[in-house]
Asker: 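Before we start, here is the structure in question, set down as structure tokens.
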Amino acid sequence: MFNKRTRIKDLLANESLSSGVIVMGWVRTFRNNQFIALNDGSTNNNLQVVAELGKFKESILKRITTGAALKVSGEMISSLGKGQKIELKANSIEILGDSDAEKYPLQPKKHSLEFLREIAHLRFRTNTFASVFRVRHTLAFAVHKFFNDKGFVYLHTPIITASDAEGAGEMFHVTNFDLTHPAKNEDGSINYKEDFFGKATNLTVSGQLEGELAAMALADVYTFGPTFRAENSNTARHLAEFWMIEPEMAFYDLEDNANLAEEFIKYIISYALENNKEDLEFLSQRLAEEEKQKPQQERSEMGLIEKLEFVINNNFERLTYTEAVQILKESNHNKKKKFQYLIEEWGVDLQSEHERYLVEKHFKKPVILIDYPKQIKAFYMRQNDDGKTVAAMDILAPGIGEIVGGSQREERLDKLTERMNEMHVSTEELDWYLDTRRFGSVPHAGFGLGFERVVQFVTGMTNIRDVIPFPRTPKSAEF
Ligand code: 4AD
Ligand code: MG
């Protein structure tokens, strides 16, 4: 057996002085032909490995370069040097993988996030990205733990589907046609009957509709999977491939839904604070340094950890779309025409500048907006008695804007089909969905949390491309 290594994180945490220790990792720096800073990805704290002068052959020493992979065995001793309590006195050093220091793209200096995005295959080896992806892991784990502890069933909804759950037409087609010669109908249109699935298919934009089917039997379910949107939004908050968590609950109304969403968001943030304190402290410092580059009025009032603790310890503000529009309309920002899109009338969709004004300037905390105008929301949302609004809910977070979108679902068959017809959503194609309303329909609700947006919020990373290992965005699908 090759792998008998101890993780550096555990060595540093235990501070035990023992012999026969084996570590493996990558060289960050090598000073004075003697001191190796070794990192194995378990923590940003490097282990100092000491290669005593004269003990190792020159042929080995010259291969200890930045990026090289080593196996070291030796003895943990108290460190004489500053900066670390303990260090590993090497008895043997084996080079597992050489790294040509001249060509290695990651030099021991600060690189810009933009540059690191171009070498995303290597950016895991930086402290920033190692922290981000450890936190991302913890958040993903916390998602499953939260729902499992509550008795929800984790449902795997399909990636390939024939329906547009959001009715927004932002789908990627899935086909195995030879695109230079697809089968055609007499009128020249594509004949999907001849395609792999015998009909037009696409990558899913949401697992919600299938989630609703399962909720009508299992009661409490959730999905957590990749979703795909061909929206041409080149922003710091949009990806063409992103992960979404979508719980769907029978016997829930909008208020139950909002309560669950708030509890859920607070839970996963607390879980990360408890289990990734060191990484969050690192990211907090990183953010503080980044903020120093910004003009005073754009800097955030709170540090990262302070902000996360604030979110956990305070209730989210809840208000209706109508109240929000009133606030925005009367804001100085609107009066002084500081919004790119001015708020003039009820019914307009809120832009991210409006959402951010509400959370960052007005309420200074996360906000749950409910009861949106029906014309700007999807067909499946439950119609309110006023005839104008639906039981929708969006959660807005400081620095991000919309982080959750959800609603109580229209459980009344007649109201649902009426709305589908108005919105030109085919009742024929979604006949299976309508069956849930025909047989034992119940009030139910659910929401979708954009996983990368929550990772952005927790890690303080400004660009969504920096919280997913290999971002897919317009004109970019590297690695
Ligand atoms: O608001 P959306 O479109 O809602 C739905 O898809 C519903 N079917 C969810 C449900 O009720 N089950 O998307 C939900 C969330 C957004 O609030 C946002 O956080 C995230 O998904 N999201 C994106 N994240 C990254 N890149 C994109 N292009 C995103 N589009 C939506
Ligand atoms: Mg939305």
Side-chain angles (χ1 to χ4, degrees), residues 139 143 147 152 155 157 161 163-172 203-215 220-249 252 254 257-258 260-261 264-265 268 321 349-352 354-355 359 366-370 372-373 376-382 390-397 399-410 425 433 444-458 461 463-468 471-474 476:
L139 287 168
V143 165
F147 288 117
F152 279 58
L155 186 76
T157 49
T161 135
S163 53
D164 180 357
E166 290 302 297
E170 291 169 333
M171 299 181 298
F172 289 102
L203 294 177
T204 187
V205 294
S206 157
Q208 179 195 323
L209 301 190
E210 291 90 352
E212 283 186 56
L213 309 181
D220 295 323
V221 303
Y222 72 105
T223 72
F224 184 4
T227 46
F228 308 86
R229 299 212 180 160
E231 53 188 334
N232 211 350
S233 309
N234 234 323
T235 77
R237 308 177 316 127
H238 287 89
L239 290 166
E241 176 179 292
F242 65 99
W243 288 65
M244 185 154 54
I245 298 122
E246 296 184 275
E248 192 67 38
M249 297 75 61
Y252 262 55
L254 190 64
N257 201 27
L260 182 78
F264 172 52
I265 291 172
I268 60 176
Y321 164 91
D349 205 354
L350 300 183
Q351 303 294 324
S352 82
H354 306 128
E355 298 174 339
V359 286
V367 167
I368 307 184
L369 279 190
I370 59 164
Y372 280 72
I376 59 171
K377 288 292 182 188
F379 68 91
Y380 51 71
M381 297 194 180
R382 192 175 197 280
V390 286
M393 121 189 149
D394 274 12
I395 301 186
L396 316 177
I400 312 277
E402 180 190 335
I403 193 162
V404 161
S407 73
Q408 185 172 338
R409 317 306 187 190
E410 183 56 83
V425 175
Y433 179 70
H444 65 289
F447 62 87
L449 172 73
F451 187 54
E452 283 73 21
R453 292 200 184 163
V454 96
V455 181
Q456 270 190 284
F457 185 74
V458 174
M461 299 300 284
N463 196 310
I464 199 164
R465 293 167 178 81
D466 296 332
V467 299
I468 186 163
R472 270 79 184 95
T473 53
S476 169

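Ligands are counted one by one from 1 in listed order, and the atoms in each one are counted from 1 as well. Heavy-atom basis, side chains included; hydrogens, waters and symmetry copies ignored.
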Asker: So does E248 pair up with R409, basic N to acidic O under 4.0 Å?
Answerer: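 Looking at E248 and R409, the cut-off is met.
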Asker: If only side-chain N and O atoms count, and only distance matters, is there a donor-acceptor pair under 3.5 Å linking E212 with Y380?
Answerer: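 Result is no, nothing qualifies.
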Asker: Taking atom types as modelled, find out whether S163 and T161 have a side-chain donor-acceptor pair closer than 3.5 angstrom.
Answerer: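 Yes.
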Asker: With a heavy-atom distance limit of 4.0 Å, tell me whether F451 approaches ligand 1 through its side chain, its backbone, both, or neither.
Answerer: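 Under 4.0 Å from ligand 1, F451 contributes no heavy atoms.
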Asker: Atom 18 (C) of ligand 1: which of R453, R472, Q208 has the nearest heavy atom?
Answerer: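 Shortest heavy-atom distance from atom 18 (C) of ligand 1: R453.
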Asker: Please write down residue, atom name and distance for the protein heavy atom closest to atom 12 (N) of ligand 1.
Answerer: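 Scanning the protein heavy atoms, the shortest distance from atom 12 (N) of ligand 1 goes to E246 OE2, 2.7 Å.
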Asker: Students should be able to answer this: which protein heavy-atom is nearest to atom 11 (O) of ligand 1, and at what distance?
Answerer: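 Sorting protein heavy atoms by distance from atom 11 (O) of ligand 1 puts R409 NH2, 2.9 Å first.
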Asker: Would you mind telling me if ligand 1 is within reach of the side chain of E166, the backbone, both or neither, using heavy atoms under 4.0 Å?
Answerer: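 Under 4.0 Å from ligand 1, E166 contributes side-chain atoms alone.
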Asker: Below 30° counts as parallel, above 60° as perpendicular, anything between as tilted: where do the rings of F147 and Y222 land?
Answerer: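 Aromatic pair F147/Y222 classed parallel.
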Asker: Check whether the ring centres of F172 and F228 lie less than 6.0 Å apart, and answer yes or no.
Answerer: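 Judged by ring-centre distance (under 6.0 Å), F172 and F228 do not meet the cut-off.
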Asker: Return the residue, atom name and 0.1 Å-rounded distance of the protein heavy atom closest to atom 26 (N) of ligand 1.
Answerer: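 Among all protein heavy atoms, the one nearest atom 26 (N) of ligand 1 is L239 N, 2.9 Å.
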Asker: Would you say ligand 1 has an N or O under 3.5 Å from any N or O of S407?
Answerer: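 No, since none of the N or O atoms of S407 sits under 3.5 Å from an N or O of ligand 1.
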Asker: State the atom name: nearest N, O or S atom of E402 to the Mg ion (ligand 2).
Answerer: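 This residue's closest N, O or S atom turns out to be OE2.
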Asker: Side chain, backbone, both or neither: which part of E248 has a heavy atom under 4.0 Å from ligand 1?
Answerer: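 Neither; no heavy atom under 4.0 Å.
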Asker: To which protein heavy atom is atom 6 (O) of ligand 1 closest, and what is the distance rounded to 0.1 Å?
Answerer: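 Among all protein heavy atoms, the one nearest atom 6 (O) of ligand 1 is R229 NH2, 2.8 Å.
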Asker: Heavy atoms only, cut-off 4.0 Å: how does F242 contact ligand 1, side chain, backbone, both, or neither?
Answerer: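 It is the side chain that gets close, since no backbone atom is under 4.0 Å.
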Asker: Are any of the N/O atoms in L449 less than 3.5 Å from those in ligand 1?
Answerer: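 No, there is no polar N/O contact under 3.5 Å.
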Asker: So W243 and F224, would you call those rings parallel, tilted or perpendicular, with 30° and 60° as cut-offs?
Answerer: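 Rings of W243 and F224: perpendicular, over 60°.
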